[in-house]
Amino acid sequence: MGAELASVGVVAALGGLLGLWLAPVTGMFVPYPDEETVVPPPPQCPTCGTIVPWSRWSPVPPRLFSRAPCPHCHHRARGDVLVPLLLAATFAALAVRFDVGFELVAFGFLAAVLVPVAVIDARVHRLPDRLVLPAYPVAFLLLGLAALWGGPEPLLGAGAGLVGLTAIYGLVGLLFGRGIGGGDIKIVGLLGAYLGWTGIINIVVAFYLWSFLSAGYGVAAATYRWRVRPEPTGWRVALREARGTVVPLGPFMAVGTLGAVIAGPWTARTLSALLP
């Protein structure tokens with residue numbers, strides 16, 4: 001038991017250190033200037049706005065490796081303190097969920113992507129391609145190594161999750177374009193692969209968590225705006241405004257995905273006990 005607690009502590013510490021290193025990335029993304037803009041603003045220095053050089057298929061900007069300051073204003077980017085705290089807690093939970101090995105490394109990488117992405121989306125309503133797209137090949141490599149380490153059976157579920165969730169969200173995006181952004185559709189395949197790896201039931205659990213959490217946030221935000229309005233309005237106006245509420249799905253996708261993955265064994269046991 002002591003050895004297990006020690007390993008969880010070590011993994012949590014590694015998550016916190018990784019979060020400290022990744023945190024400056026969250027400050028490099030700014031919101032779209034208006035609803036008509038299609039091309040997202042490039043990563044930039046949060047102090048002076050100088051564009052940060054960033055290779056299209058690099059998961060982090062090269063400047064992060066050298067910790068070099070901005071060449072224009074000479075300031076070093078500082079990230080959100082939530083990133084190391086959330087990554088440390090998530091890594092600890094993953095260390096309890098998985099044995100030490102490539103599977104833990106693969107899911108640790110997922111957490112290292114989702115936590116900064118969720119913080120960015122909550123702050124500026126963006127799921128940056130610069131972080132999401134390079135995660136796919138790295139995730140495939142790590143899951144492939146995990147399959148070599150522990151067996152190839154989960155790969156079928158990972159493939160089904162990737163294709164299935166991408167198709168579902170792509171269809172929803174076509175039918176209800178305003179509610180589903182392009183970034184949501186781009187990241188959902190990555191989430192589906194990891195959820196499918198742990199079991200198809202976790203895809204369903206995560207999907208319901210995303211839906212309920214995001215809907216609850218939307219209702220709460222619309223209710224708050226309605227209550228603080230200087231002039232009272234009728235319920236029809238409030239309902240119309242609620243429908244137009246912009247909900248950042250990234251944080252809820254991260255919570256739902258990681259929650260479903262971590263609680264996977266408990267979910268399976270509960271369903272087996274309830275179903276005949």
Side-chain angles (χ1 to χ4, degrees), residues 4 7-8 10-12 14-16 18-19 22 59 82-83 85-119 121 127 131-132 135-136 138-147 149-166 168-169 184 186-214 249-272:
E4 293 180 359
S7 64
V8 170
V10 170
V11 172
L14 291 175
L18 181 62
L22 289 174
L82 279 176
V83 177
L85 295 178
L86 291 175
L87 266 182
T90 305
F91 269 48
L94 290 173
V96 174
R97 169 69 171 85
F98 298 103
D99 295 329
V100 175
F102 282 113
E103 195 173 28
L104 177 58
V105 174
F107 280 87
F109 173 74
L110 174 66
V113 173
L114 286 186
V115 169
V117 162
V119 171
D121 195 28
L127 292 172
L131 295 176
V132 173
Y136 275 87
V138 179
F140 294 157
L141 173 62
L142 294 176
L143 290 177
L145 292 173
W149 181 278
E153 293 81 7
L155 282 177
L156 182 61
L162 186 153
V163 175
L165 271 185
T166 301
I168 291 172
Y169 260 68
D184 303 321
K186 291 174 184 176
I187 198 174
V188 77
L190 181 70
L191 307 185
Y194 275 96
L195 289 167
W197 175 278
T198 60
I200 299 299
I201 185 60
N202 288 332
I203 298 177
V204 179
V205 171
F207 186 82
Y208 275 102
L209 283 174
W210 301 345
S211 303
F212 282 119
L213 291 175
S214 59
L249 292 180
F252 306 111
M253 285 182 163
V255 171
T257 299
L258 294 173
V261 166
I262 293 168
W266 178 85
T267 303
R269 289 194 299 268
T270 303
L271 289 176
S272 63

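Quick note: residue numbers are just sequence positions, from 1.
Between the side chain of Y136 and the main chain of L190, a donor-acceptor pair closer than 3.5 Å is present. Judged purely by atom type and a 3.5 angstrom limit, W210 uses its side chain to pair as donor or acceptor with the backbone of M253. T257 places no side-chain N or O within donor-acceptor distance of the main-chain N or O of A254, the cut-off being under 3.5 Å. Between the side chain of Y194 and the backbone N or O of G161 there is no donor-acceptor pair closer than 3.5 Å.
In terms of heavy-atom proximity, A12 sits nearest to F91 at CA-CB, 4.2 Å. Contact detail for L195 and A206: the closest heavy-atom pair is CD1-CB, 3.5 Å. Across all non-hydrogen atoms, the minimal contact from A106 to L143 is CB-CD2, 3.9 Å. The nearest pair of heavy atoms linking L249 to S214 is CD2-CB, 3.6 Å. Annotation for T90 and L86: closest pair OG1-O, 2.7 Å, computed over non-hydrogen atoms. The nearest pair of heavy atoms linking G15 to L87 is O-CB, 3.4 Å.
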Original post:
Do N202 and V261 pass the side-chain contact (heavy atoms from CB on, under 4.5 Å) test, and can you show the C-alpha distance, the side-chain angles, and the key distance before you say yes or no?
Top reply: CA-CA 7 Å; N202 288 332; V261 166; 5.8 Å; no
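Atom CG of L94 is separated from atom CD of E103 by 10.0 Å, given to the nearest 0.5 angstrom. Considering CZ of F207 and OH of Y169, their distance stands at 5.0 Å, rounded to 0.5 Å. Here the straight-line distance linking atom CG of L18 with atom CG of L14 works out to 8.5 Å at 0.5 Å rounding. Residue D99 holds its CG atom at 9.0 Å from CG of L104, rounded to the nearest 0.5 Å.
No more than 12 heavy atoms of other residues, nucleotides or ligands sit less than 6.0 Å from atom CG of L156. Within a 6.0 Å radius of CZ in F98, more than 12 heavy atoms belonging to other residues, nucleotides or ligands are found.
Counting heavy atoms from C-beta on, the side chains of L209 and V255 never come closer than 4.5 Å. Side-chain contact check for L191 versus L110: some heavy-atom pair is nearer than 4.5 Å. L114 has its side chain within reach of I187: a pair of non-hydrogen atoms, C-beta onward, lies under 4.5 Å apart. Annotation: side chain of V132 is not in contact with side chain of V113 (no heavy-atom distance under 4.5 Å). Taking the side chain as every heavy atom from C-beta outward, L162 and F140 approach each other to under 4.5 Å. Residues V96 and V8 are in side-chain contact: their nearest non-hydrogen atoms beyond the backbone lie under 4.5 Å apart.
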